[in-house]
Undergrad: 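This is the structure, below, for whatever I ask next.
Keep in mind that the numbers below use all heavy atoms, side chains included, and drop hydrogens, waters and symmetry copies. Counting begins at 1 with the first residue of the sequence.
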Amino acid sequence: LAVDIAYPRTPLIQALTAFEAESRGSRITIIDTVLTGTNDAISQGWADIVICGIPPKGHLGEPLTEVRFIPVCSAKHELSQIGQAIDHNELMEHLQIVIKDTGENPDEKFGWLKAESRWTVSNFATAVAILKQNKGFCWLPCHIALPEIERGDLVQLPLKGSSHRRICMNLVHPHPSDLGPGSRSLSQHILEHSQYAGTL
């Protein structure tokens, strides 16, 4: 199971918990992936089930949920003290915390990567820890950012012309004809615990 790290873990764990009761001891390996690395899992076929953003050409995906990304920084960072909407040129002058694309050939057209000064990390937990040390800004999924904002540790940056980005997360089977009963069952539980379950 290859899962883009932007996908919320709560519905994933709920699906795994529901599947466990009928899994008969099935072994599951969950691999965290990022951006084109998630699509590599599909195009290279090394995962049975993939949760990704936009699937690569030639593959269909079942929509699961929409993930909203917002730009944030520490409540003590100088960006949070400006008191007005920030333009992109001003943002480019500050350190950006970036999550590393796990693909073999990363594509920088994904995400906002215009800041010259960047620190690249492998997960959101490390990004949040750096932000809390009053270092840089980062685009975080709302389900990760909002609890930190509610605690007063982080703040959302008001940007001119772009308050957030949205990504629809999809369930993809790289080789649907080869899917076994366990993978089909787990996939069904993932669908049932998704935001879009029962909306059609």
Side-chain angles (χ1 to χ4, degrees), residues 2-14 32-39 51-55 61 63-103 106-171 193-197 199:
V3 185
D4 192 290
I5 64 169
Y7 185 71
R9 267 24 189 185
T10 297
L12 177 62
I13 294 171
Q14 289 172 341
D32 290 333
T33 54
V34 181
L35 295 173
T36 62
T38 312
N39 284 355
I51 297 177
C52 68
I54 301 173
L64 296 174
T65 190
E66 183 179 78
V67 176
R68 199 160 59 102
F69 286 76
I70 58 175
V72 298
C73 70
S74 164
K76 299 178 181 179
H77 193 280
E78 61 181 289
L79 281 169
S80 70
Q81 312 300 320
I82 294 177
Q84 60 185 11
I86 303 167
D87 65 35
H88 285 195
N89 290 330
E90 190 169 12
L91 199 61
M92 287 170 59
E93 297 175 0
H94 293 269
L95 172 68
Q96 181 179 6
I97 311 303
V98 177
I99 309 302
K100 179 178 174 55
D101 190 322
T102 57
D107 189 344
E108 288 203 357
K109 72 180 181 181
F110 290 99
W112 193 93
L113 297 172
K114 295 183 179 180
E116 288 297 323
S117 179
R118 300 180 209 159
W119 289 1
T120 301
V121 299
S122 62
N123 57 71
F124 290 121
T126 301
V128 170
I130 292 172
L131 292 172
K132 287 183 176 181
Q133 294 301 312
N134 200 25
K135 299 292 184 182
F137 71 94
C138 183
W139 287 84
L140 292 181
C142 278
H143 61 271
I144 293 175
L146 291 181
E148 302 294 340
I149 292 173
E150 290 171 0
R151 281 192 286 269
D153 293 328
L154 301 181
V155 295
Q156 180 177 356
L157 294 173
L159 299 186
K160 291 181 180 177
S162 180
S163 61
H164 64 275
R165 303 198 322 260
R166 296 171 184 250
I167 297 177
C168 180
M169 305 302 290
N170 295 273
L171 178 69
H193 288 85
S194 74
Q195 175 186 345
Y196 296 147
T199 59

Undergrad: Taking all non-hydrogen atoms of both residues into account, name the closest pair between A145 and I70 and its distance.
TA: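 In terms of heavy atoms, the two residues are closest at CB-CD1, 4.0 Å.
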
Undergrad: Under 3.5 Å, is there a donor-acceptor pair between the side chain of N134 and the main chain of K132?
TA: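 Absent.
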
Undergrad: Determine, step by step, whether L12 and Y7 satisfy the side chain to side chain contact (heavy atoms under 4.5 Å, CB included) criterion, reporting the C-alpha distance in whole Å, the side-chain angles of both residues, the deciding distance to 0.1 Å, and the verdict.
TA: CA-CA 8 Å; L12 177 62; Y7 185 71; 4.0 Å; yes

Undergrad: Check I97, V121, V98, L95 against C138 for a side chain to side chain contact (heavy atoms under 4.5 Å, CB included) and give me the one that passes.
TA: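 Option passing the side chain to side chain contact (heavy atoms under 4.5 Å, CB included) with C138: I97.
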
Undergrad: Give, for atom OG of S194 and atom CG of L171, the distance between the pair rounded to the nearest 0.5 Å.
TA: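 Nearest 0.5 Å value for the OG-CG distance: 8.5 Å.
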
Undergrad: What donor-acceptor contacts under 3.5 angstrom involve side-chain atoms of residues 123-130, with partners at least two apart or in another chain?
TA:
unit_1: N123; atom_1: OD1; unit_2: A125; atom_2: N; d: 3.2
unit_1: N123; atom_1: OD1; unit_2: T126; atom_2: N; d: 2.8
unit_1: N123; atom_1: OD1; unit_2: T126; atom_2: OG1; d: 3.0

Undergrad: So H164 and F69, side chain to side chain contact (heavy atoms under 4.5 Å, CB included) or not? Walk me through it.
TA: CA-CA 6 Å; H164 64 275; F69 286 76; over 6 Å; no

Undergrad: Strictly distance-based, threshold 3.5 Å: is any side-chain N or O of D153 a donor or acceptor partner for the main-chain N or O of L131?
TA: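 Answer holds: no.
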
Undergrad: Report yes or no: does D87 contribute a side-chain atom to a donor-acceptor pair with the main-chain N or O of K160 at less than 3.5 Å?
TA: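 A pair under 3.5 Å: no.
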
Undergrad: Taking all non-hydrogen atoms of both residues into account, name the closest pair between A85 and L159 and its distance.
TA: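 The pair with the smallest heavy-atom distance is CB-C, 4.4 Å.
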
Undergrad: Measuring from Q96:CD to F137:CZ, what's the distance to the nearest 0.5 Å?
TA: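 Answer rounded to 0.5 Å: 4.0 Å.
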
Undergrad: Taking only residues two or more places apart in sequence, or in another chain, which ones meet T33 in a side-chain hydrogen bond (donor to acceptor under 3.5 Å, both in side chains)?
TA: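 Listed in chain order: T38.
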
Undergrad: For residues 65-85, which residue pairs qualify under salt bridge (Lys or Arg N to Asp or Glu O under 4.0 Å), counting only residues two or more places apart or in two chains?
TA: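 Qualifying pairs: E66-R166.
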
Undergrad: side-chain contact (heavy atoms from CB on, under 4.5 Å) with K100: which residues, sequence neighbours excluded?
TA: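 Expected list: T120.
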
Undergrad: Looking at every heavy atom in both G103 and T36, which two are closest together, and how far apart are they?
TA: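 Taking every non-hydrogen atom into account, CA-OG1, 3.4 Å.
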
Undergrad: Any idea which heavy atoms bring P147 and C142 closest together, and the distance?
TA: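 Closest pair (atom of P147, atom of C142, distance): CD-O, 4.1 Å.
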
Undergrad: Would L64 and Q195 count as a side chain to side chain contact (heavy atoms under 4.5 Å, CB included) if you check the C-alpha gap in whole Å, the side-chain angles of each, and the deciding distance to 0.1 Å?
TA: CA-CA 6 Å; L64 296 174; Q195 175 186 345; over 6 Å; no

Undergrad: Between Q81 (side chain only) and A75 (backbone N and O only), is there a donor and an acceptor less than 3.5 Å apart?
TA: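 Such a contact is found between Q81 side chain and A75 backbone.
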
Undergrad: Listed by chain and number, what are the side-chain hydrogen bond (donor to acceptor under 3.5 Å, both in side chains) partners of R151, not counting sequence neighbours?
TA: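 By the side-chain hydrogen bond (donor to acceptor under 3.5 Å, both in side chains) rule, R151 matches E148.
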
Undergrad: When you look at C73 and V155, which way does the side chain to side chain contact (heavy atoms under 4.5 Å, CB included) test go after all the steps?
TA: CA-CA 6 Å; C73 70; V155 295; 3.9 Å; yes

Undergrad: Is D4 reaching over with its side chain to a backbone N or O of L35, donor-acceptor style, under 3.5 angstrom?
TA: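 Between the backbone of L35 and the side chain of D4 there is a qualifying donor-acceptor contact (under 3.5 Å).
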
Undergrad: Between T102 and V34 (side chain of the first, backbone of the second, donor and acceptor by atom type, cut-off under 3.5 Å), is there such a pair?
TA: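 Yes; at least one donor-acceptor contact below 3.5 Å.
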
Undergrad: By salt bridge (charged side-chain N to carboxylate O under 4.0 Å, His left out), which residues pair with D32, not counting sequence neighbours?
TA: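 In terms of salt bridge (charged side-chain N to carboxylate O under 4.0 Å, His left out), with neighbours along the sequence ignored, D32 is linked to R9.
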
Undergrad: At their closest point, which heavy atom of P141 faces which heavy atom of V67, and how far apart are they?
TA: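 Scanning both residues completely, I find the closest heavy atoms to be CB-CG1, 3.8 Å.
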
Undergrad: Distance check, rounded to the nearest 0.5 Å: M92 atom CE versus I86 atom CD1?
TA: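 Output value for this atom pair is 14.5 Å.
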
Undergrad: Might you point out which heavy atoms bring Q84 and P158 nearest each other, and give the distance in Å?
TA: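 Looking at all heavy atoms of both residues, the shortest contact is O-CG, 3.7 Å.
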
